[in-house]
Amino acid sequence: MLARTSTRVLRRCNQRLNSTTTAKPFSAKLKEGPSFDDFLKAGGDKDAIADLPKRTKLPEWLKTEIPAGGSFAKIKKDLRGLKLNTVCEEARCPNIGDCWGGGEDKTATATIMLMGDECTRGCRFCSVKTNRKPGPLDVNEPENTAEAISRWGLDYVVLTSVDRDDIADGGANHFATTVELIKQKAPQILRGPLSVDRVALSGLDVYAHNIETVENLQHIVRDRRAGFKQSLSVLERAKATKPTLITKTSMMLGLGETDEEVLHALKALRAVDVDVVTFGQYMRPTKKHMKVEEYIHPSKFDHWAEVAKGLGFRYVASGPLVRSSYKAGEFFIKNVLLKKGAKVLVKQS
């Protein structure tokens with residue numbers, strides 16, 4: 001019995017010895033690797049640090065203050081209580097404090113995003129969540145939206161929405177119902193939304209649909225189901241459906257576009273009688289989104305404002321922090337519409 005046990009022990013020892021000769025123990029691997037001193041040396045090596053990728057510094061003209069104020073807090077509280085979404089939050093807009101808080105004009109504005117916070121499309125510039133099969137529409141959303149707007153006492157509100165390719169009419173009826181309820185609860189308000197005919201005839205006054213970028217970059221920037229010519233046709237159809245409707249679009253700069261491409265886009269927009277255009281700097285929402293190719297200087301935005309006005313646009317808002325529903329443009333549109341004696345609604349799509 002003792003002899004058998006000794007044999008087994010020897011066999012196991014030999015097996016362990018053989019395994020240690022074929023595979024180095026962890027302690028041996030550590031000894032062969034870099035020491036703590038090596039890490040300290042690399043940390044102080046200027047050449048090694050210089051080789052690391054540098055983070056692009058944000059220009060001073062793109063820095064904004066942290067949002068605050070009574071109006072800002074009230075709007076945010078009402079949104080959460082009524083389970084409403086805003087593109088201001090979902091798209092991480094840098095102007096949220098200025099618009100919700102009222103800014104210099106002391107007039108708060110907001111952009112409510114209808115049909116949930118999940119989009120069926122996945123554009124490379126947008127931080128809104130993507131889902132091929134979002135949940136069902138909230139049947140209470142039109143009523144809750146009208147209720148929130150009547151509480152705030154706004155002069156102008158922008159209605160936008162996620163894309164819902166999973167719904168037969170794309171959510172047009174839901175959108176139009178919301179506009180109609182707003183007109184009942186807050187008849188004084190100027191409203192602006194983002195299928196064309198149903199929405200265009202729902203009572204809104206401004207129809208905004210963004211081309212986002214120049215024609216040559218559409219396939220890189222936007223979802224494959226969106227396109228330059230498609231967007232032009234939407235804007236043209238809206239104007240044809242209701243000739244008195246103000247049509248509006250927006251472009252981001254800093255995506256790698258050329259001056260010739262921007263000019264081509266502007267001329268194409270005027271060819272379908274678009275009234276208003278805005279320009280803003282593309283800001284990368286997260287590292288998962290496409291990179292900023294260039295931070296455009298404010299003077300270049302001034303240049304494009306003059307070019308657009310020269311082409312016949314009724315109004316142009318152009319600046320690094322301008323966004324598609326930025327209130328500077330909306331105030332102008334509001335004044336134009338009031339001169340006509342109209343009650344205003346805007347759509348963003």
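For clarity, every value in this text was computed on a predicted model and none was experimentally measured.
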Report yes if the side chains of [X] and [Y] come closer than 4.5 Å at any heavy-atom pair, otherwise no.
X      : Y      : value
Thr177 : Val179 : no
Val276 : Ile246 : yes
Val162 : Thr120 : no
Val262 : Phe279 : yes
Leu263 : Val307 : yes
Leu181 : Thr145 : no

Taking [X] for its side chain and [Y] for its backbone only, find out whether a donor-acceptor pair lies under 3.5 Å.
X      : Y      : answer
Asn210 : Glu212 : no
Thr213 : Met252 : no
Thr247 : Tyr207 : no
Arg284 : His289 : yes
Glu257 : Leu255 : yes
Arg237 : Thr241 : no
Arg164 : Met115 : yes
Asp163 : Cys119 : no
Ser318 : Trp304 : no
Gln218 : Ile211 : yes

On a heavy-atom basis, which atom in [X] and which in [Y] lie closest, and how many Å separate them?
X      : Y      : answer
Glu118 : Gly135 : OE1-N, 4.2 Å
Phe313 : Ala308 : CD1-O, 3.1 Å
Phe228 : His264 : CE2-CE1, 4.1 Å
Pro243 : Ala240 : CD-O, 4.0 Å
His174 : Pro142 : CE1-CD, 3.5 Å
Gln281 : Ile296 : OE1-N, 2.7 Å

Q: Answer yes or no: is there an ion pair linking Lys133 with Asp166, defined by an N-O contact shorter than 4.0 Å?
A: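 Asp166 and Lys133: not salt-bridged.
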
Q. Should the pair Asp275-Lys248 be classified as a salt bridge under the 4.0 Å nitrogen-to-oxygen rule?
A.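 Answer for the salt bridge query: no.
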
Q: Compute whether any side-chain donor of one residue and acceptor of the other, for Thr278 and Ser250, lie under 3.5 angstrom apart.
A: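 Distance-only check passes for Thr278 and Ser250.
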
(Q) Check this for me: Arg225, atom CZ, are more than 12 non-hydrogen atoms of other residues, nucleotides or ligands nearer than 6.0 Å? (A)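 More than 12 within 6.0 Å, yes.
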
Q.
Restricting to salt bridge (charged side-chain N to carboxylate O under 4.0 Å, His left out), what partner residues turn up for Glu143, sequence neighbours left out?
A.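 Per chain and number, Glu143 pairs via salt bridge (charged side-chain N to carboxylate O under 4.0 Å, His left out) with Lys185.
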
(Q) Holding to salt bridge (charged side-chain N to carboxylate O under 4.0 Å, His left out), I want the full list of residues that pass it with Asp259, two or more places apart in sequence or in another chain. (A)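 By the salt bridge (charged side-chain N to carboxylate O under 4.0 Å, His left out) rule, Asp259 matches Lys300.
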
Q: Before giving the answer on side chain to side chain donor-acceptor pair (under 3.5 Å), spell out for Ser231 and Arg222 the whole-Å C-alpha distance, their side-chain angles and the decisive distance to 0.1 Å.
A: CA-CA 11 Å; Ser231 292; Arg222 303 175 75 185; 3.0 Å; yes

Q. Does the side-chain contact (heavy atoms from CB on, under 4.5 Å) test come out yes or no for Asp117 and Met113, once each step is laid out?
A. CA-CA 7 Å; Asp117 62 354; Met113 188 169 72; 4.2 Å; yes

Q | Which residues share a side-chain contact (heavy atoms from CB on, under 4.5 Å) with Glu236, sequence neighbours left out | A |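 For Glu236, the residues satisfying side-chain contact (heavy atoms from CB on, under 4.5 Å) (neighbours in sequence not counted) are Val272.
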
